[in-house]
Amino acid sequence: MELEDASCRVRYLIRDRDGKFPVLMDEILAEAGIRTVLTGIRMPRMNAVMERWVQSCRRELLDRCLLE
């Protein structure tokens, strides 16, 4: 998928501090106008916290909407 094909503009990419992401990836994203935001240092529970937040958003917002 090309970013130009999307109907909305991507502004941020949230990623962890794993070494598998090369510096070149951040440079390529910066050229496309996407800001890379790194997660906190030594945050092993962050994924669980974010999953819980997304579930409550879905439950509180999306489950109450009628889609046609």
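Counting begins at 1 with the first residue of the sequence.
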Sorted by chain and number, sequence neighbours left out, side-chain contact (heavy atoms from CB on, under 4.5 Å) with R52 holds for none

CE (M25) and NZ (K20) are apart, to the nearest 0.5 Å, by 10.0 Å

**Asked** Does atom CD1 of I41 have more than 12 heavy-atom neighbours from other groups under 6.0 Å away?
**Response** no

So OG1 of T39 and CE of M50: to nearest 0.5 Å the spacing works out to 11.0 Å

Taking every heavy atom of Y12 against every heavy atom of I34, the minimum-distance pair comes out as C-CG2, 4.0 Å

Sequence neighbours excluded, the answer for salt bridge (Lys or Arg N to Asp or Glu O under 4.0 Å) partners of D16 is none

### Query
Do L38 and L13 sit in the same hydrophobic cluster, where Ile, Leu, Val, Met, Phe, Trp and Tyr count as joined when their side-chain heavy atoms come under 4.5 Å apart?
no

Is there a path of hydrophobic side-chain contacts, each under 4.5 Å between heavy atoms, that joins F21 and L29? yes

Can D26 and R15 be counted as an ion pair, charged N to O under 4.0 angstrom? yes

